[in-house]
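Structure first, commentary second.
On a predicted model such as this, the values are computed, not experimentally measured, just so you know.
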Amino acid sequence: MRRMHVALAISLCVLICAPSLTVLGADEPREGGTLVLARLRDVVGLDPNMTTAHDSHRLFELVFSRLVSLDSELLPTPELAASWEISADGLLYTFHLHEGVTFHNGEELTAHDVKYTLDRILDPEGGSPVRSFFVNIGEVNVLDPYTVELQLTTPRAGLLMYLSIPEASIVNKTLAEREDLNRRANVIGTGPFRLADWSPDEYMLLERHDEYFQPDIPYLDAIEMLIMPEESSIIASLRAGTADFAMIETAVTAQRVRGIPSANVLAVPSLRYLPLFVNAGRTPLDDPRVRMAISYALDRQAIINTVLLGEGEVSGPIPPSNPYWAVPVEELPGYVHDIGTARELLREAGYEDGFSLQLATTSAFAPTAEVIEFQLREVGIRVNIEVLEYGVYIDRWLEADFDLGLSHNSGQPDPDFYLYRYFRSGQGLTFIHGHLSSERLDYLLDQGQIETDLDKRRELYAEAQVILAEMNPFIWLYVRNEYFVPQEHVRGFVPLATGSIENLKNAWLDR
């Protein structure tokens, strides 16, 4: 039945290139114990429908549930929805919910919670940053307490995938109608763990949800997340054995951790990518020749070699870890490192003597920013780097308060995720690049959402990527690996290219 559902959404199927991974845990799982997880940053926002921060997603996927999740091959698989049917014209989705699912406060989840959540995301006044993913949904109807129907205005090839994102977590209708979901006491989901305690920027304690609807899991009694602002502290905790599991970000740290006999470094090519955000609403970045000059001036492979120790790949608008959809970067304009062409473009634009730009970033990406500053100096562009605390950076990002910005963007298997919300005119995140637009690009992105023929859809997105590389609303740099580090006594965890740790619900401690 599941594969039939996947076949109906075949446009989601992508080939993810990843090294062979050993799944830790072939023995009989043991129940109990607290897994101590070390990570660099705390959550930024607690309301799942309103928060896009990658670090918050790591909480949402353990505390909340969605209609659909992704399996190890990144294909849609049932979660709260036990099954679903899709009409032949792709305009009607009917989801049949598991019965007896309870929220952490003891209330039963019903189709009314699903309808409320989706209506909440769709509310144009509600402010959900993922509203554009679901605008094809015309109506959400409750057929009975365990059946919900989505009526679409046009087909949406990636809908099942979008229903699997953390921002589509189902919230408690009764609670959300009267309370602020950004308050710690109101983090109430149906997921395998519940939020029991939280000291911001220090630790977060998640305890087992004993009434979790999936049988026999989770095995762990609790997960204690420790916030360690330096990766050197994470390494020390792994060496000392005070951390059972770690999330790390840099290749330097990965190489150091590989020297710890008890630690297993799992590296998966990421669906996330690192763009240089370009605020084309400001002079001189409003000139396409200037933006293209920056693209030519950057030696992306040198950045990878310097910052990632070679553990990464040059990325276009869709990252190479999504190979079915990604146009090879050698086929995109502006990807050859060419100082002469960069200088000529700046001369044509009237900036032969160069200019100054401000680049906002966080400590995690400061090394990349420094290489960018050095490379752009060669063509007369003087870059002043601002290294901001993460929350401050997010606030500045939401206001597009920078000339250039540098941070990761999240990824998903479907190409629409990377392109529509940022580059389709009138969508929620076009402010970040000064609302650059193209009628042809709008047409391609609109068609890409509804085209169900896989080959035709691929052609649409291939042309869109070329146009974006010519426009440079972002200047795409690279993808790195997602690194997960379970100690040898942690079994059952399977990593995903999305960076998700939701499979900790299947993890157990062999000690």
Got a donor-acceptor contact below 3.5 angstrom from the [X] side chain to the [Y] backbone?
X	Y	value
Thr253	Ile248	no
Gln447	Tyr443	no
Ser56	Val44	yes
Gln151	Leu91	no
Asn279	Leu404	no
Thr430	Gly426	no
Arg66	Ser164	yes
Arg300	Ser295	yes
Glu389	Gly391	yes
Ser169	Pro166	yes

Side chains of [X] and [Y], heavy atoms from C-beta outward: is any pair under 4.5 Å?
X	Y	value
Arg58	Met247	yes
Leu160	Ile86	yes
Leu70	Pro413	yes
Leu285	Leu357	yes
Arg424	Gln427	yes
Leu143	Val148	no

Using a strict cut-off of less than 4.0 Å between a Lys/Arg side-chain nitrogen and an Asp/Glu carboxylate oxygen, indicate whether [X] and [Y] qualify as a salt bridge.
X	Y	result
Asp403	Arg282	yes
Glu451	Lys456	no
Asp123	Arg131	no
Arg396	Glu386	yes
Glu344	Arg289	no
Arg39	Asp55	yes
Lys173	Asp119	no
Arg41	Glu249	yes

Near [X] [atom1], under 6.0 Å, is it more than 12 heavy atoms from other residues, nucleotides or ligands?
X	atom1	value
Glu179	CD	yes
Glu439	CD	no
Asp353	CG	no
Phe374	CZ	no
Glu399	CD	no

Atom of Val327, atom of Leu332 and distance for their closest heavy-atom approach: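 The answer is CG1-CD2, 3.7 Å.
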Minimum heavy-atom distance between Ile170 and Phe64, given as atom pair plus value: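 For Ile170 and Phe64, the tightest heavy-atom pair comes out as O-CD2, 3.8 Å.
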For [X] and [Y], does a side-chain donor sit closer than 3.5 Å to a side-chain acceptor?
X	Y	result
Tyr162	Asp416	yes
Thr94	Glu85	no
Asn136	Thr153	no
His54	Ser410	no
Thr77	Ser69	no
Glu167	His57	yes
Tyr116	Asn172	no
Asp338	Tyr296	no

Cation over ring face, Arg421 and Phe417, 6.0 Å, 45°: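 Verdict for Phe417: a cation-pi partner in Arg421.
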Distance under 6.0 Å and angle within 45° of ring axis: Arg382 vs Phe355: no
Check: Phe423 ring centroid to His433 ring centroid under 6.0 Å: yes
For Arg440, side chain to side chain donor-acceptor pair (under 3.5 Å) partners two or more places apart: Glu463
Ring geometry between Phe95 and Trp84 (parallel below 30°, tilted from 30 to 60°, perpendicular above 60°): tilted
Point-to-point distance, once rounded to the nearest 0.5 Å, from OG of Ser500 to CZ of Phe484: 7.5 Å
Check against side-chain hydrogen bond (donor to acceptor under 3.5 Å, both in side chains), Tyr390 and Asp42: CA-CA 10 Å; Tyr390 186 64; Asp42 205 351; over 6 Å; no
Evaluation steps, side-chain contact (heavy atoms from CB on, under 4.5 Å), between Leu46 and Leu181: CA-CA 7 Å; Leu46 297 173; Leu181 296 190; over 6 Å; no
Audit row: Val307, Val371, side-chain contact (heavy atoms from CB on, under 4.5 Å) steps and yes/no: CA-CA 8 Å; Val307 178; Val371 179; 4.0 Å; yes
Ser132 vs Tyr420, side-chain hydrogen bond (donor to acceptor under 3.5 Å, both in side chains): CA-CA, chis, key distance, verdict: CA-CA 8 Å; Ser132 65; Tyr420 194 87; over 6 Å; no
Evaluation steps, side-chain contact (heavy atoms from CB on, under 4.5 Å), between Phe133 and Leu163: CA-CA 9 Å; Phe133 299 163; Leu163 290 170; over 6 Å; no
Determine all donor-acceptor pairs shorter than 3.5 Å in which one atom belongs to a side chain in residues 474-481; sequence neighbours excluded.
| residue | atom | partner | partner atom | Å |
| --- | --- | --- | --- | --- |
| Tyr478 | OH | Thr368 | OG1 | 2.9 |
| Asn481 | ND2 | Tyr483 | OH | 3.4 |

From CA spacing to verdict: side-chain contact (heavy atoms from CB on, under 4.5 Å), Leu436, Val278: CA-CA 10 Å; Leu436 289 176; Val278 180; over 6 Å; no
